[in-house]
Participant: 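Handing you a structure now.
Proteins get letters first, then strands, A, B, ... in listed order; numbering begins at 1 in each. Bear in mind the structure is a predicted one, so any value in this text is a computation, not a measurement.
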Amino acid sequence: MLSDGFLHRLDALRLTARSPAQGGAGGLRRSKALGTSVEFSDFREYAPGDDLRRLDWNAYARFDRLFLKLFMEEQETQVNLLVDASASMGERDKWPFARDLAALLAYLALRGGDRVTMYALGGGERHSASLSGRAGYMRAAEFLDALTPAGETRLCADIARLPLRPGRGISLLITDLMSPDGYEKALQSLQYRRQEAALLHVLSPWEMNPELQGMVRLVDSETGEERELSVTGSLLESYHRALSDLLRGAERFCHGRGMPYLRLTSDMDLEKEALRALSASGLVEA
Amino acid sequence: MHWLHPAGAWALLSLAAIAALYLLRRRSESHTVPSLLLWQRAVQEQQAMRPFQKLKKNILLFLQLALAALLAVSLMRPAVSGGVRGETVFVFDLSASMQTVEDGQSRLQEAQRRADALIDSMEPGDRVTVLAAGAQANIALSRSADLSRARAVIDGLRAGNGGADLPAAVSLAQAMARDIDGLNILVFSDTYAGADAQVIRVGQPAQNRALLSLSVGEGGQAFARVANYGDAASVTLECYADGNLCDMAAVEAGAGETVSALLQAPAGARTVQVKIAGEDALAADDSRWYAARSAASYRAVLCGDNLFLEKALSLRADLTLLRASVEEISDLTDIDLFIFDGALPETLPETGMLLCVAPTGTVLGVSPGETASASGALRAGAGDLAGRLTENLSLSDIALRRCTPLEGGEPVLTLGGKTLLAAAEADGRRAAVLGFDLHDSNLPLKGDFPVLIQNLLSWLLPDARSALADGVCGQTVALPADVRAQHARVITPSGRTLPAEGALEDTGEMGVYTLEYAYADGAVRSLPFAMHMDTDESDVRQVGPATGDVSLGGTAPAGMELTHWVLLALLALLLVEWGVSRRVG
C-alpha cells in the first residue's frame with residue numbers, strides 16, 4: 001500500500017486538530033486539561049498538598065515565594081476515517097487512490113497518538129476496530145486491503161447510522177460525492193455529533209473531462225441503470241456545468257461550515273501532489 | 001424549368017448515402033461510468049431547452065441533405081426556358097465542332113436538348129421548321145405542326161465532320177421570314193456570330209488537339225503535323241500501317257503551338273493511319289489517313305511516221321506508246337488513245353480517245369474543209385476548254401504554210417476565225433483534231449508544241465492519280481473518269497457502295513474511300529483516297545457570344561441556366577453547415 005520510505009517521511013507530519021482533545025485517554029494531543037506533559041502552561045502559587053516536584057525553584061530564588069509550574073495535559077483524539085467504498089469509487093482508478101489516501105491519514109493519526117476507527121460506506125456499513133499505536137496501522141491497512149468497492153452510496157443515510165464513539169473527534173470523509181441523497185445532511189450530522197469534519201473529494205480525470213462523442217450507452221456502476229445518450233458538444237457543456245455546480249456547491253457548503261474541503265483527482269501523485277494539497281488545506285502539519 | 005444534364009440526378013443517391021451514414025452512426029457504444037448522477041443533470045438541462053435542441057440535434061443532417069440535393073441539382077444544370085410561340089425555324093449547326101464533348105454530352109446533344117425544351121413549351125398549332133446546316137444547308141422539316149415529329153427530326157440530327165454553311169441556312173430562314181409574319185429564327189451553334197438571327201449558344205471553351213496533315217514518303221516515312229489547341233502537353237502519336245501498330249512518337253506541344261512529328265511506317269504500306277493517343281474534347285480530328293495510290297498506265301498507238309509527235313507523246317511517263325499502221329489497228333486491243341497522223345482507217349475504232357492530225361475524214365463530228373493557204377496568227381478559242389488546252393502556250397511566231405479549217409467541235413485554236421484545232425466529246429469519247437499537217441508548220445519546232453500535246457493528253461487521258469486528291473469531309477470530290485472502265489464505284493470507309501458518277505457528294509464519313517474501276521476483262525483497279533475532318537473546326541477553345549437570351553416577343557427562347565445560382569446557394573449553405581458543425585461539435 002504505502003512504501004516504508006514514504007511512511008518514514010510521514011513521521012515528520014501529523015494530523016491537525018483545530019480544537020483541543022477532550023475526554024480521551026492520555027495521548028500526544030493537547031487538551032484543555034492540565035496534566036503532566038512537557039508543555040508549559042502557566043504558574044500558580046503553591047498550595048499545601050501540591051506535588052513538590054512541580055515547584056519552580058528558580059522563581060522561589062528570585063521572588064522568595066513558592067510557585068508551581070503547570071503543564072498541559074496531553075490526550076488522544078478519536079479520528080474517524082469514513083471511506084466511500086461504493087461501486088462508483090471502483091471506477092476509473094479512484095479506489096486505489098482513495099484507499100492509499102485513507103491509509104496515509106490513518107498512519108498520520110496513529111503516528112500522532114490518536115485513536116483511529118475506519119468506516120467503509122456503501123454496500124453495507126463496515127468498520128474497523130478502534131486502532132491505536134503504530135501497530136494499529138497494520139490493522140488499518142489490512143482493513144482497507146480487504147475492501148472491494150461495491151454497492152450504492154447513500155451518504156446521508158449511511159453516516160447517520162454510523163456508530164461513532166461519543167465525544168469530540170475528527171471525521172475525515174473520503175468520497176466522490178456521487179450520492180443520490182446528497183452529502184449536506186451527512187456532513188451536518190457529523191458536526192452535530194461534535195466531529196471536526198473534513199471532506200476529501202476524490203474524482204477521476206475522466207469524470208472531470210469525459211471523452212465521449214456521438215451515440216453512447218452509459219451504464220451506472222452502482223445501479224446498473226443504462227441510458228442512451230447522443231453526446232454532443234452541447235451535452236458535454238451541460239455535463240461540465242453540472243460538475244461545476246457539484247464542486248462549487250460542496251466547496252461553498254464546507255467553507256460555510258468551517259470544514260476543510262479538499263478536491264483531489266486520482267491521477268495525483270500521493271507522495272507529492274496529494275500530500276502538498278493536504279498540507280495546504282491545513283489538514284496535515286509538520 | 002428543365003434540365004440541361006439530367007444525368008446529374010444520379011448525385012441524388014448521395015442523399016441516401018448520407019441518411020445511411022446517420023443511421024449507421026446511431027449504433028451506440030457502451031460505457032460504464034461511476035454514476036449517472038451528473039449525466040442525468042446534464043440531460044435535464046438539455047431537456048429544458050428541448051424545442052431548440054431537437055432542431056439542433058438534427059440540423060446537421062438536414063443541412064447535409066440539403067447540400068447533397070443542391071449539388072445534384074447543380075449537376076443537372078437547371079434552366080428556365082421562356083419558350084417560343086408561333087412559327088419557329090430551328091437552325092442547327094452540324095459542323096464538326098458540334099461533336100465536341102463536354103460533361104459527357106456533345107454540343108449538338110446540348111443543342112438538341114435545349115431545342116426539345118423549347119418545343120415542349122410550344123402550343124398546338126405552332127409550326128416548326130428545322131434547317132440542318134452541314135456542308136450544305138438542308139431543310140430537315142418544313143413548317144410542321146406535328147411537334148412530336150419535330151422533336152424526332154431534331155433528335156435525329158447528327159453532326160458531320162466538315163464545316164457548316166450557316167450563312168446559307170440563315171439566309172434560307174430569312175427568306176421564309178419574308179413570307180411569314182412573326183417567324184422566329186433560332187440558331188443553335190457554338191461559333192455562329194451573325195447578327196441576323198438569335199443565336200442560342202451551346203458549348204463551353206474546351207481543349208483539343210488535332211492532326212492537321214499527314215504525308216508519307218516512298219520509304220514509309222510519315223510526317224505529321226499536330227496542333228495543340230489547349231494547355232501545353234505531351235502528345236503521343238501512334239502510327240498504324242494497314243491496321244497494325246508500327247510506330248509511336250511523343251512530341252511536346254506548347255499551348256496553341258503546332259508541332260511536327262516523324263514516324264516510320266513500312267515501305268509499301270497501302271494505308272497509313274496516324275492517331276493521337278488519349279482523349280480530348282473532339283475525337284474526330286485525332287486521326288488522319290494516307291492512302292498510297294498506284295499509278296495508272298495508258299496504252300496509245302501512233303499511226304503514221306511523225307517523229308515530232310512521237311517525241312512529244314513520249315514525255316508522258318504513264319503512257320505506253322505503240323506504233324502501227326492504219327490497217328493494223330483493228331488487231332489491237334486495250335488501246336486508250338489512237339493517234340492518226342493524216343490518213344484515217346476506213347472505220348474508226350469503237351473505243352478509245354482520238355488525236356487526229358490533218359485527218360482525211362470526220363472524227364466525232366469534226367470534219368475537215370478545203371485546204372487553203374494560211375496567213376495570220378494562231379489564237380486560242382474562247383471557251384473554258386480552249387483556255388485549259390492552250391494553257392501555258394505563247395502562240396507567237398507560229399507560221400503555217402497551209403491549213404484545212406475544221407467544222408464542228410469546240411474551237412481550241414483559230415486562225416482568222418477558222419478553227420485549226422477542235423475538241424469534241426461524244427458518248428464518253430473524246431477527240432482532238434488538228435486542222436493542219438505538222439510538216440506545214442514550224443509549230444513542232446517551238447516550245448509550245450510539247451506543252452500543247454501534254455495539255456491535249458491531260459484532257460484525253462487524265463491522270464487519275466493526280467486528279468484524285470484527299471479532301472475534307474462534306475466537300476464534293478471530282479472522280480476522274482477511266483476511259484476503259486466499264487463500271488466505277490466508290491466504297492466508303494464504312495463499306496457502303498456508291499455509284500461513281502463524275503463527282504461524289506456523300507463524303508460525310510472520315511477515313512479511306514476506294515474508287516474502283518471495273519474493266520471488261522474482269523480486271524479491277526482501285527484508287528483509294530482519304531477524307532478528313534475539317535481542321536478549321538478543331539479549335540474549340542472559344543465559343544461565340546449568345547444572343548438567344550434577348551427578348552423575343554416577351555419571351556426568352558433560350559431561357560436562363562440557373563446552375564450558378566444553385567452553386568451560390570450551395571456555397572452559402574456550406575458556410576452555414578460549417579458554422580453549425582463547429583457549434584454543435
Participant: Among A:Met178, A:Arg217, A:Lys94, which residue has the highest count of heavy-atom pairs closer than 4.5 Å to chain B?
Facilitator: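 Of the options given, most contacts go to A:Arg217.
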Participant: Sort A:Leu177 into side chain, backbone, both or neither according to what part of it lies under 4.5 angstrom from a heavy atom of chain B.
Facilitator: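 Just the backbone, heavy atoms under 4.5 Å.
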Participant: To the nearest 0.5 Å, what is the distance between OG on A:Ser238 and CD on B:Gln44?
Facilitator: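 These two atoms lie 11.0 Å from each other.
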Participant: Report yes if the side chains of A:Arg227 and B:Gln40 come closer than 4.5 Å at any heavy-atom pair, otherwise no.
Facilitator: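 Yes. Closest side-chain heavy atoms under 4.5 Å.
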Participant: If you count heavy-atom pairs under 4.5 Å between each of A:Leu229, A:Val231, A:Asp176, A:Thr223 and chain B, which one has the most?
Facilitator: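 Sorted descending by pairs with chain B, the first entry is A:Leu229.
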Participant: Examine whether an atom of A:Pro149 lies under 4.5 Å from a heavy atom of chain B, and if so say whether it belongs to the side chain, the backbone or both; otherwise answer neither.
Facilitator: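 Neither part.
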Participant: Is A:Glu207 in contact with chain B via its backbone, its side chain, both, or neither, using a 4.5 Å heavy-atom distance?
Facilitator: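 Contact with chain B involves the side chain of A:Glu207 alone.
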Participant: Does CZ belonging to B:Arg151 count more than 12 external heavy atoms closer than 6.0 Å?
Facilitator: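 Yes - once you tally the heavy atoms of other residues, nucleotides and ligands closer than 6.0 Å, there are more than 12.
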Participant: Considering only heavy atoms, which portion of A:Thr153 lies under 4.5 Å from any heavy atom of chain B: side chain, backbone, both, or neither?
Facilitator: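 When you check distances to chain B, no heavy atom of A:Thr153 falls under 4.5 Å.
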Participant: Out of curiosity, B:Arg41 CZ to A:Asp245 CG, how far, rounded to the nearest 0.5 Å?
Facilitator: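 It comes to 8.0 Å.
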Participant: Report the option among A:Val216, A:Leu243, A:Leu246 that has the most heavy-atom pairs separated by less than 4.5 Å from atoms of chain B.
Facilitator: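 Max contact count across the listed options: A:Val216.
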Participant: Tell me if the CD atom of A:Gln191 is crowded by more than 12 foreign heavy atoms within 6.0 Å.
Facilitator: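 Counting other residues, nucleotides and ligands, CD of A:Gln191 exceeds 12 neighbours.
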Participant: Does A:Ser221 reach the main-chain N or O of B:Pro34 with its side chain, forming a donor-acceptor pair under 3.5 Å?
Facilitator: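 Looks like yes, one N/O pair under 3.5 Å.
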Participant: Do B:Val33 and A:Trp206 make a side-chain contact, defined as non-hydrogen atoms from C-beta onward lying under 4.5 Å apart?
Facilitator: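 They are in contact (side-chain heavy atoms under 4.5 Å apart), so the answer is yes.
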Participant: Specify the closest pair of heavy atoms between A:Tyr239 and B:Ala42, including all atoms of both residues, with the distance to one decimal.
Facilitator: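 Heavy-atom minimum between the residues: N-CB, 3.4 Å.
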Participant: Among A:Arg92, A:Met89, A:Glu222, who wins on heavy-atom pairs under 4.5 Å with chain B?
Facilitator: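 Between A:Arg92, A:Met89, A:Glu222, the count favours A:Arg92.
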Participant: Does A:Met138, at its CE atom, have more than 12 non-hydrogen atoms belonging to other residues, nucleotides or ligands within less than 6.0 Å?
Facilitator: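 No, CE of A:Met138 has 12 or fewer neighbouring heavy atoms, counting only those of other groups under 6.0 Å.
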Participant: With a 3.5 Å distance limit and no angle check, can you tell me whether A:Asp220 reaches the backbone of B:Leu36 through a side-chain donor-acceptor pair?
Facilitator: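 The answer is yes, because a donor-acceptor pair under 3.5 Å joins these two groups.
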Participant: Are A:Val219 and B:His31 close enough that some pair of their side-chain heavy atoms sits under 4.5 Å apart?
Facilitator: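 In short, these two side chains do not touch, never coming nearer than 4.5 Å.
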